[in-house]
Visitor: 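One structure coming up, written as structure tokens, with questions to follow.
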Amino acid sequence: MKKKKGKSLALKGKSVGLIFHKPSLRTRISFEVGVFQLGGDAVYITEKEIELGKRETIPDAARVLSRYLDMIVIRTFSQDEVGQLAESASIPIINGLTDLLHPCQILSDLFTIYEKKKKFENLTIAYVGDGNNVVNSWLELSQRIPMELRIGTAKDTMPDGKILRDAMNSKISKILVTSDPVEAVKNADVIYTDVWASMGQKHLADNKANWLRGFQVNSNLVRHARKDCIIMHCLPANRGEEITDEAMDSPNSVVFDQAENRLHVQKAIMIKLVSKK
Ligand code: CP
Ligand code: NVA
């Protein structure tokens, strides 16, 4: 998709619904532009319009939307809502982020890693910071692709317990959870971080900042990783909190390539799903 920019019209005559219950710069715009570049139409739908699960049940809304649309991208709070939508819809449902998971992000991050490292297996990935949806998706990926995944986080900011146990039990990857950020990043190929307080958790921002104070990605921490390590962040970043300007703007940082690649990888996801129908 990245090489063939603009050369596929796989979504010609198709309509993709974009249901967003949380703010978004990258996901919304890269999906909308991606649909447009593939010859389709995107319909942006906010909570105010459809009141998903309030005006009618989610299964009823799913059945109706399936008769108008060819695919839905949904960003919301509860993973359960996305599950309900997928169960009752007869069209593909793409998770554009929930409190639990952010799969499109991690799929495109894997592509960014492949571009930079020329491989994506058996790398050491150090995630430093809040145990949120992004790290949960890393843990899911670690059950498909062998890697050494080290999570540096505080005891109060651990990732989802079940996803962590599944990742550890699957034995596909080596998983380490540590409260020592230096242990997490030692000789790592990739250092990854994300905001300390995710959307829907802003009321916990002060607590998270206290718990995670020692987990900032800064030059002092980065020097423990490999010299050619790449620094990743899904963005938006709170510069000066989970990552310093120095780390984010360093030659090792690939954060804006990551953002660009959301567009290319999501186009590939949509083409794969539309051709499955
Ligand atoms: N990384 C990401 O999903 O960004 P947005 O919240 O802006 O979509
Ligand atoms: N963990 C962040 C990711 C934003 C793309 C959030 O959920 O707000």
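Numbering of residues begins at 1 and proceeds along the displayed sequence. Every number for a ligand or one of its atoms is a count from 1 in the order of the listing.
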Visitor: Tell me whether Leu25 has any N or O atom under 3.5 angstrom from an N or O of ligand 1.
Guide: yes
Visitor: Where is the nearest protein heavy atom to atom 2 (C) of ligand 1: which residue, which atom, and how far?
Guide: Arg262 NH1, 3.3 Å
Visitor: Can you tell me if Tyr127 and Asn132 form a side-chain donor-acceptor pair at under 3.5 Å?
Guide: yes
Visitor: Just distances here: any N/O of Leu97 and N/O of ligand 1 closer than 3.5 Å?
Guide: no
Visitor: Polar pairs, ligand 2 vs protein, N/O only, below 3.5 Å.
Guide:
from, atom 1, to, atom 2, distance (Å)
ligand 2, 1 (N), Asn132, ND2, 3.3
ligand 2, 1 (N), Asn133, OD1, 2.8
ligand 2, 1 (N), Asp194, OD2, 2.6
ligand 2, 1 (N), Ser198, OG, 2.7
ligand 2, 7 (O), Asn133, ND2, 2.8
ligand 2, 7 (O), Ser198, OG, 3.4
ligand 2, 8 (O), Met199, N, 2.8

Visitor: Using side-chain heavy atoms (C-beta onward) and a distance below 4.5 Å, is Met71 in contact with Leu273?
Guide: yes
Visitor: Looking only at the side chains, is there a donor atom on one of His224 and Glu183 sitting less than 3.5 Å from an acceptor on the other?
Guide: no
Visitor: Identify the closest protein heavy atom to atom 4 (O) of ligand 1: which residue and atom is it, and at what distance?
Guide: Arg26 NE, 2.8 Å
Visitor: Does one hydrophobic cluster hold both Ile145 and Ile175, with members joined at side-chain heavy-atom distances below 4.5 Å?
Guide: yes
Visitor: Can you find a side-chain donor-acceptor pair between Asp130 and Trp196 that sits under 3.5 Å?
Guide: no
Visitor: Below a 4.0 angstrom heavy-atom separation, can you tell me which part of Lys22, side chain or backbone, both or neither, approaches ligand 1?
Guide: neither
Visitor: Quick one: nearest non-hydrogen protein atom to atom 6 (O) of ligand 1, plus distance?
Guide: Arg75 NH1, 2.8 Å
Visitor: Side chains of Arg75 and Thr27: is there a donor and an acceptor less than 3.5 Å apart?
Guide: yes
Visitor: Would you please determine whether Leu235 falls within less than 4.0 Å of ligand 1 on a heavy-atom basis?
Guide: yes
Visitor: Are Gln84 and Asp80 linked by a side-chain donor-acceptor pair shorter than 3.5 Å?
Guide: yes
Visitor: Cut-off 3.5 Å, side chains only: do Thr112 and Glu115 have a donor facing an acceptor?
Guide: no
Visitor: Got Glu32 and Leu18 here, is their nearest side-chain heavy-atom distance under 4.5 Å?
Guide: yes
